[in-house]
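Comments concern the structure below.
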Amino acid sequence: MRLDAEMDEQLFGAVYRAFLRYQVLLFPPQDLPPARQVSLARRFGEVQIHVMNQYHADGYPELYRLSNLDEQGRPSGRHPDKGTLAWHTDGSWQRVTGQATIIYGEVMPEAGGETHFCDMYGAYERLPPSWKARIAKLRAVHNLDFSRNRRHGEDPLTEAQRRARPPVDHPVVRTHPETGRKCLYLGDHAEYIVDMPYDEGRALIEELNALAIHADLTYEHHWKARELLIWDN
């Protein structure tokens with residue numbers, strides 16, 4: 001399917017229904033300049049601007065570019081974002097969370113660089129009834145400063161960025177507003193549980209994050225250059 005031209009309402013409706021049903025959509029390699037990427041993203045709603053503006057693509061603050069190439073196009077030897085190595089939900093550290101995320105692979109390595117997805121509907125559904133009862137009313141505090149610093153000791157947020165995105169709380173069990181299905185809503189940005197001792201909440205979050213991962217409910221994507229992925233957050 002080509003994405004380099006605007007979709008009519010009927011076609012986009014079909015894409016959106018597939019997005020809700022399958023949660024991850026893959027589109028074949030094709031040229032999509034930055035402006036077209038932004039235009040596509042706007043079909044899903046308001047495009048959020050990431051607070052870490054040092055990663056914004058030139059001229060397009062809606063785009064967040066990760067690369068290990070320096071200004072001369074040579075590999076720097078540094079991972080561009082170690083936070084991506086831990087399971088997380090994009091933007092869970094915002095009060096208004098992201099509906100969808102889009103990744104476009106501009107330049108890909110010959111080996112490595114895979115992106116992994118985990119079905120959080122299935123993660124919740126496979127919890128024993130005792131776990132479901134235990135966490136039904138819990139809320140977790142999600143904090144970008146927490147996750148960023150424990151993964152990136154050398155690359156923390158600036159003070160202005162920290163003030164712009166203070167910690168927020170969300171239900172541990174969240175109901176999707178369109179499908180009505182329940183899912184776990186945690187990941188690496190979740191720091192502690194509201195009204196629970198900090199260490200006890202940390203242990204519970206880590207245990208649930210581990211329980212969420214099932215081999216048959218995960219997908220490991222091996223990239224080809226210029227592929228595009230869209231998924232439901």
### Task
Tell me, with the steps shown, if Asp169 and Arg95 meet salt bridge (Lys or Arg N to Asp or Glu O under 4.0 Å).
CA-CA 8 Å; Asp169 64 291; Arg95 174 56 63 201; 3.3 Å; yes
Using side-chain heavy atoms (C-beta onward) and a distance below 4.5 Å, is [X] in contact with [Y]?
| X | Y | value |
| --- | --- | --- |
| Ile135 | Leu127 | yes |
| Leu63 | Gln37 | yes |
| Ile102 | Leu40 | yes |
| Leu228 | Leu32 | yes |
| Met7 | Met1 | yes |
| Thr218 | Ile213 | yes |
| Glu114 | His221 | no |
| Tyr104 | Leu3 | no |

Indicate yes or no: does [X] engage [Y] in a salt bridge with an N to O separation below 4.0 Å.
| X | Y | result |
| --- | --- | --- |
| Asp145 | Arg150 | no |
| Arg202 | Glu191 | no |
| Glu6 | Arg43 | yes |
| Glu227 | Lys224 | no |
| Asp31 | Arg226 | yes |

For [X], check side-chain contact (heavy atoms from CB on, under 4.5 Å) against everything at least two apart and list the hits.
| X | answer |
| --- | --- |
| Pro171 | Arg139 |
| Gln72 | Asp70, Arg74 |
| Pro128 | Ser130, Trp131 |

Counting only heavy atoms not in [X] (residues, nucleotides, ligands), do more than 12 fall under 6.0 Å from its [atom1]?
| X | atom1 | result |
| --- | --- | --- |
| Asp4 | CG | yes |
| Asp58 | CG | no |
| Arg2 | CZ | yes |

What I want to check is whether the side chains of [X] and [Y] have a donor and an acceptor closer together than 3.5 Å.
| X | Y | result |
| --- | --- | --- |
| Asn233 | Thr101 | yes |
| Trp93 | Ser147 | no |
| His214 | Asp119 | no |
| Ser39 | Arg42 | no |
| His79 | Asp81 | no |
| Ser92 | His142 | yes |
| Gln54 | Gln161 | yes |
| Thr84 | Arg151 | no |
| Tyr16 | Glu178 | yes |

### Reference residue Trp231; test ring-ring contact (aromatic ring centres under 6.0 Å, His included); the match among Phe19, Tyr219, Phe44, Phe117
Phe117
### Message
For Asp188 and Trp87: C-alpha separation, side-chain torsions, deciding distance, then whether side-chain contact (heavy atoms from CB on, under 4.5 Å) applies.
### Response
CA-CA 6 Å; Asp188 201 52; Trp87 288 107; over 6 Å; no
Spell out, yes or no, whether [X] and [Y] are grouped together once hydrophobic residues are joined by side-chain heavy atoms under 4.5 Å, including indirect joins.
| X | Y | value |
| --- | --- | --- |
| Leu144 | Tyr192 | no |
| Leu229 | Tyr22 | no |
| Tyr121 | Leu186 | no |
| Leu204 | Val173 | yes |
| Leu20 | Phe12 | yes |

What heavy-atom pair brings [X] and [Y] nearest, and what distance separates the two atoms?
| X | Y | value |
| --- | --- | --- |
| Gln30 | Pro28 | NE2-O, 3.0 Å |
| Pro29 | Ala225 | CB-O, 3.5 Å |
| Pro167 | Val141 | CB-CG1, 3.6 Å |
| Gly105 | Trp223 | N-CZ3, 3.8 Å |

### Message
If you apply the rule side-chain hydrogen bond (donor to acceptor under 3.5 Å, both in side chains), what do you find for Thr97 with Arg174, and how did you get there?
### Response
CA-CA 12 Å; Thr97 57; Arg174 192 170 183 180; 2.9 Å; yes
### Verdict with reasoning, Tyr64 to Leu66, per side-chain contact (heavy atoms from CB on, under 4.5 Å)
CA-CA 7 Å; Tyr64 185 88; Leu66 293 177; 3.7 Å; yes
### Check: Asn68 main-chain N/O paired with Ser76 side-chain donor or acceptor under 3.5 Å
yes
### Task
Check for a donor-acceptor pair, side chain of His56 on one end and backbone N or O of His50 on the other, with a separation under 3.5 Å.
yes
### Query
Does NZ or CZ of Lys132 fall inside the cone over Tyr124's six-membered ring, less than 6.0 Å from its centre and within 45° of the axis?
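Yes; both conditions hold, so Lys132 lies above the ring face of Tyr124.
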### Task
Decide salt bridge (Lys or Arg N to Asp or Glu O under 4.0 Å) for Glu106 and Arg65; before the verdict, give the C-alpha distance in whole Å, the side-chain angles of both, and the deciding distance to 0.1 Å.
CA-CA 10 Å; Glu106 293 181 314; Arg65 176 177 286 143; 3.1 Å; yes
Just how far is it from atom [atom1] of [X] to atom [atom2] of [Y], taken to the nearest 0.5 Å?
| X | Y | atom1 | atom2 | answer |
| --- | --- | --- | --- | --- |
| Gln23 | Cys118 | CD | SG | 9.5 Å |
| Leu211 | Glu206 | CG | CD | 11.5 Å |
| Arg148 | Arg165 | CZ | CZ | 14.5 Å |
| His189 | His170 | NE2 | NE2 | 10.5 Å |

### Query
Between Thr115 and Glu220, does a side-chain contact (heavy atoms from CB on, under 4.5 Å) hold up when you go through it step by step?
CA-CA 6 Å; Thr115 302; Glu220 178 180 322; over 6 Å; no
### Message
Let's go through Val172 and Ile193 carefully: what are the C-alpha distance in whole Å and the side-chain angles of both, what is the deciding distance for side-chain contact (heavy atoms from CB on, under 4.5 Å) to 0.1 Å, and is it a yes or a no?
### Response
CA-CA 9 Å; Val172 170; Ile193 301 296; 4.1 Å; yes
